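Here the structure is laid out as structure tokens; the discussion comes afterwards.
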Amino acid sequence: MTAIAPILPETIQLAVSTLRRGGLVAIPTETVYGLACDATNPDAVARLYEAKGRPRFNPLIAHVASLPMAQKEAQFSAAASHTAAMLWPGPLTLVLPVAEGGTVCDLARAGLDTIALRMPAHKGARDLIEAFGKPLVAPSANRSGHVSPTRAEHVKADLDGKVDLILDGGPCEKGIESTIVSFVGERPQLLRAGALETSVLDNFLFGGIARGGEGEGITAPGQLKSHYAPDATLRLNAETPEPGEGWLGFGPGPHMGLNLSPSGDLHEAAARLFAALRALDGRYDRIAVAPIPNEGLGEAINDRLARAAHRD
Ligand code: AMP
Ligand code: MG
């Protein structure tokens with residue numbers, strides 16, 4: 001049974017200690033209730049994916065309480081800074097190149113070199129992030145495939161026992177997800193329509209925003225990859241590495257290269273996946289990857305490996 005508590009200074013402190021331990025806390029925002037955890041802790045993020053039952057690792061939105069917190073995580077162009085200064089806090093997510101020294105973990109970004117950031121308008125959410133002192137990832141607090149929750153009771157109905165604490169801030173004001181705009185390319189691009197009307201952005205940004213969504217109308221290749229794509233070629237479900245191949249193991253097996261989890265723990269493997277791929281990608285042209293059981297978090301790991309192996 002997960003407790004539902006109103007947002008008060010005491011319950012914010014309880015939430016902070018839960019988050020510090022790597023726990024999951026459902027929080028109200030002006031869009032929908034989010035399932036929050038420490039964005040810098042890959043074990044906590046793996047737990048979050050597990051609780052949602054997501055069959056893949058989508059990059060998550062990191063929620064910040066202030067502009068300085070955001071600037072530590074991402075590189076802001078002049079247009080992005082202007083947009084953030086005018087429209088944050090609010091239901092607008094900015095996708096930006098990740099900053100050197102950023103603290104949000106690889107797994108939360110699904111291995112991408114870009115990061116999605118938002119400063120929520122909900123005062124309780126910002127108070128919590130401020131008290132925690134680090135960004136929180138917070139995808140909608142529902143099981144994968146279910147509708148997004150706009151009340152604390154919805155979260156309870158969907159995730160009871162899977163989340164450590166639910167903070168109740170009443171019904172969500174907007175009830176739909178944030179608008180997502182990328183500032184990675186030359187022209188700001190709408191990636192998802194959402195609670196902030198796009199006409200606001202069109203009026204406000206010189207030249208307006210490009211539409212068409214992720215993957216379309218992109219001029220420079222690699223500008224907006226929706227998944228982690230290594231330079232190396234991946235060979236999946238390999239028993240052993242061939243000469244010249246880097247090795248990414250799982251479970252007991254050849255003692256060489258890197259191992260996602262020598263004990264065969266999928267949770268640990270998920271937490272290490274992207275950092276391990278990056279490390280091998282820098283050293284090898286080809287990487288052989290051991291079979292990963294396709295159950296629990298293994299499904300999401302295999303989904304991302306299959307995408308990373310695909311040459312496009
Ligand atoms: P939500 O499920 O509301 O947390 O929204 C997450 C959305 O943000 C997903 O649709 C992601 O694809 C998108 N997103 C997060 N990070 C990035 C990124 N680095 N690049 C592009 N889209 C992103
Ligand atoms: Mg959702």
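Computed from a predicted structure; not experimentally measured. All ligand and atom numbering here is 1-based and tracks the order in the structure.
At a threshold of 4.5 Å between non-hydrogen side-chain atoms, the residues P149 and N142 count as touching.
Between the side chain of D158 and the backbone N or O of R143 there is at least one donor-acceptor pair closer than 3.5 Å.
With P59, G34, A110 as candidates, the residue nearest to atom 17 (C) of ligand 1 on a non-hydrogen basis is P59. Nearest to atom 18 (C) of ligand 1 by heavy atom, out of T114, L117, V32, is T114.
For ligand 1, none of its N or O atoms has an N or O atom of S140 under 3.5 Å away.
Aromatic ring centres of F57 and H227: separated by at least 6.0 Å.
Distances below 4.0 Å separate heavy atoms of R54 from the following atoms of ligand 1: 2 (O). Atom numbering of ligand 1 starts at 1 in the shown order; those under 4.0 Å from a heavy atom of P139 are 4 (O). Those atoms of ligand 1 that come under 4.0 Å of a heavy atom in A116, given as number and element, are 15 (C), 16 (N), 17 (C). Here is the list of ligand 1 atoms found below 4.0 Å of a heavy atom in I180: 7 (C), 8 (O), 13 (C). Of all the atoms in ligand 1, the ones that sit under 4.0 Å from a non-hydrogen atom of I61 are 4 (O), 5 (O), 6 (C), 8 (O). Interface of L112 with ligand 1, defined as ligand atoms under 4.0 Å from a residue heavy atom, comprises 18 (C), 19 (N). Ligand 1 places these atoms under 4.0 Å from at least one heavy atom of E177: 3 (O).
In the model, S66 has no side-chain atom that pairs as donor or acceptor with a side-chain atom of R126 under 3.5 Å.
Grouping the Ile, Leu, Val, Met, Phe, Trp and Tyr side chains by contacts below 4.5 angstrom, directly or via other members, places I176 apart from L196. Cluster annotation: L167 and L8 are assigned to distinct hydrophobic clusters (Ile/Leu/Val/Met/Phe/Trp/Tyr, side-chain heavy-atom contacts under 4.5 Å, transitive).
The aromatic rings of F76 and W88 sit perpendicular, their planes meeting at an angle over 60°, well past the 30° parallel limit.
Summarising the hydrophobic clusters (Ile, Leu, Val, Met, Phe, Trp, Tyr; side-chain heavy atoms under 4.5 Å, direct or chained), the residues clustered with M256 are W247.
Using a non-hydrogen distance threshold of 4.0 Å, R109 does not register as a contact of ligand 1. Assignment of L191 to the shell around ligand 1 is supported, since a heavy atom sits closer than 4.0 Å.
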